[in-house]
Amino acid sequence: MLPETFTPALLRQLELLKIRSRRAYLGTRQGGHLSLKRGHGIEFSDYRRYELGDNPRHIDWGVYARSDRLVVKTFREEQDLSVLVLLDTSASMSVPASDRKWERSCEIALALAYIALMEQDSVCVSAPGMFDSPFYYGARAIHDLTKSLLSAERNPTVDFLREAQRAVAKVRFPGVAVLVSDFLMPLSDIQALVNVMRAKNLDITAIQVLGPGDTDPLRNAADVIAVDSETGEEMEIGLDARQREQY
């Protein structure tokens with residue numbers, strides 16, 4: 001079952017959307033995206049010299065009449081797109097619990113998966129250290145994906161960077177990658193993960209999920225001891241109006 005927030009009205013809106021890539025990729029099956037493969041699709045690509053065995057129906061007789069040369073039209077085929085949705089499973093995604101960042105991230109992942117599956121794309125959702133789905137195909141697969149993702153148990157001690165790099169390393173076909181995170185981690189970790197995705201020739205998009213506890217932390221507090229939810233490091237912090245404004 002999809003989350004309660006996936007109302008019929010929302011699903012109808014999602015069905016009007018399509019995931020696009022900034023460049024063309026080779027797919028694995030017929031789909032709705034222009035690919036690098038030349039064949040007998042509907043998008044004209046180029047001409048090439050006629051060779052014995054070519055289908056005469058693809059000869060451009062207009063060019064032949066003008067130049068006395070036999071050429072055939074080539075087309076770009078429409079194939080599926082590989083979509084990887086990578087969820088941040090680090091501890092900060094559950095702090096504070098009232099912000100429900102993890103739940104919102106799962107809903108975003110399922111919405112993206114629904115859009116892709118309705119377009120006959122292949123979709124993999126990875127929650128490193130918790131859950132790595134196979135590549136799903138077809139609209140009905142959204143129910144299996146939802147059940148598997150929402151039943152996966154959180155692991156607050158997971159080394160997100162290491163597990164995420166492993167998940168990306170398993171990608172066989174380049175395509176679109178969407179990273180959903182609060183990005184409350186060292187910049188060097190973000191750069192390392194992005195570099196791994198770039199090495200796999202992925203078209204990367206990042207979605208940041210923040211809650212009130214991130215945008216307006218320690219409300220009505222002045223002098224506090226802040227504890228890093230991921231490392232356990234403690235730091236004494238004094239907050240005044242000017243520092244809050246700068247934050």
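Just so it is clear, the model here is predicted, and its values are computed rather than measured. Both backbone and side-chain heavy atoms feed into the values below; hydrogens, waters and symmetry mates do not.
Legend: residues meeting side chain to side chain contact (heavy atoms under 4.5 Å, CB included) with Ile225, ordered by chain and number and at least two apart, are Glu234, Glu236. Listed by chain and number, the residues in a side-chain hydrogen bond (donor to acceptor under 3.5 Å, both in side chains) with Arg154 are Ser94 (sequence neighbours excluded). When the salt bridge (charged side-chain N to carboxylate O under 4.0 Å, His left out) test is applied to Arg100, no partner is found at least two apart in sequence or on another chain. In this structure Ser98 satisfies the side-chain hydrogen bond (donor to acceptor under 3.5 Å, both in side chains) test with no other residue, sequence neighbours excluded. Taking Ala226 as the reference, Ile237 meet the side chain to side chain contact (heavy atoms under 4.5 Å, CB included) condition, with sequence neighbours excluded. Partners of Arg242 according to the side chain to side chain contact (heavy atoms under 4.5 Å, CB included) rule, which considers only residues two or more places apart in sequence or in another chain, are Asp240, Gln246. Looking at residues two or more places apart in sequence or on another chain, you find no salt bridge (charged side-chain N to carboxylate O under 4.0 Å, His left out) involving Asp159. The salt bridge (charged side-chain N to carboxylate O under 4.0 Å, His left out) search around Arg166 returns Glu163, not counting sequence neighbours.
Contact between Val85 and Ala109 at its shortest, heavy atoms only, is CG1-CB, 3.7 Å. Closest approach of Leu145 to Leu110, counting heavy atoms only: CG-CD2, 4.2 Å. In terms of heavy atoms, Ser105 sits closest to Met93 at OG-CE, 3.0 Å. Looking at every heavy atom in both residues, Gly138 comes nearest to Gln120 through CA-OE1, 4.4 Å. Between Gly213 and Asp99, the closest heavy-atom pair is N-OD2, 2.8 Å. What you find for Asp214 and Leu184 is that their closest heavy atoms are OD1-CD1, 3.4 Å.
Here Arg49 contributes atom CZ and Arg69 contributes atom CZ; the two are 8.0 Å apart, rounded to the nearest 0.5 Å. In this structure, OG in Ser188 is found 11.5 Å from CG in Leu193, a value given to the nearest 0.5 Å. From Trp102, atom CH2 reaches atom OG of Ser92 across 11.5 Å, with rounding to the nearest 0.5 Å. In this structure, Asn155 CG and Phe160 CZ are separated by 13.0 Å, a value rounded to the nearest 0.5 Å. Put simply, CD1 on Ile115 and CG on Leu16 are 10.0 Å apart, with the number rounded to the nearest 0.5 Å. In this structure, CG in Leu149 is found 12.5 Å from CG in Asp144, a value given to the nearest 0.5 Å.
Counting only heavy atoms from C-beta outward, the side chains of Asp121 and Ser82 never approach each other to under 4.5 Å. Looking at heavy atoms from C-beta onward, Ser122 lies out of side-chain contact with Val83 at the 4.5 angstrom threshold. You'll find the side chain of Pro3 reaches within 4.5 Å of the side chain of Thr146, heavy atoms only. Using a 4.5 Å cut-off on side-chain heavy atoms (C-beta onward), Val180 and Asp88 make no contact. Annotation: side chain of Leu179 is not in contact with side chain of Thr205 (no heavy-atom distance under 4.5 Å). Proximity of Leu81 to Ile19: side-chain heavy atoms (C-beta onward) are separated by under 4.5 Å at one or more points. Inter-residue side-chain proximity for Ile190 and Met185 is flagged as met; some heavy-atom pair is nearer than 4.5 Å.
Val227 is not connected to Val95 by any chain of hydrophobic side-chain contacts under 4.5 Å among Ile, Leu, Val, Met, Phe, Trp and Tyr, and they are in different clusters. Hydrophobic clustering, with ILVMFWY side chains joined whenever heavy atoms are under 4.5 angstrom apart, keeps Leu210 apart from Val178. Residues Val168 and Phe183 share a single hydrophobic cluster, defined by chaining ILVMFWY side chains whose heavy atoms lie under 4.5 Å apart.
Applying the salt bridge (Lys or Arg N to Asp or Glu O under 4.0 Å) definition to pairs two or more places apart or across chains, none involves residues 3-15. Annotation: salt bridge (Lys or Arg N to Asp or Glu O under 4.0 Å) contacts involving residues 102-111, sequence neighbours excluded, comprise Arg104-Glu107. Counting only residues at least two apart or in different chains, salt bridge (Lys or Arg N to Asp or Glu O under 4.0 Å) contacts with residues 170-196 comprise Lys101-Asp182.
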Determine all donor-acceptor pairs shorter than 3.5 Å in which one atom belongs to a side chain in residues 127-136; sequence neighbours excluded.
| residue | atom | partner | partner atom | Å |
| --- | --- | --- | --- | --- |
| Asp132 | OD1 | Ser126 | OG | 2.3 |
| Ser133 | OG | Val125 | N | 2.9 |
| Ser133 | OG | Val125 | O | 3.4 |

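At least one donor-acceptor pair under 3.5 Å links the side chain of Asn195 to the backbone N or O of Gln191. Judged by distance alone, the side chain of Ser151 and the main-chain N or O of Ser148 form a donor-acceptor pair under 3.5 Å. For Lys200 (side chain) and Pro174 (main-chain N/O), no donor-acceptor pair under 3.5 Å exists by modelled atom type.
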| task | Please step through side chain to side chain contact (heavy atoms under 4.5 Å, CB included) for the pair Phe6 and Leu14, ending with a clear verdict. | result | CA-CA 10 Å; Phe6 282 66; Leu14 294 177; 4.1 Å; yes
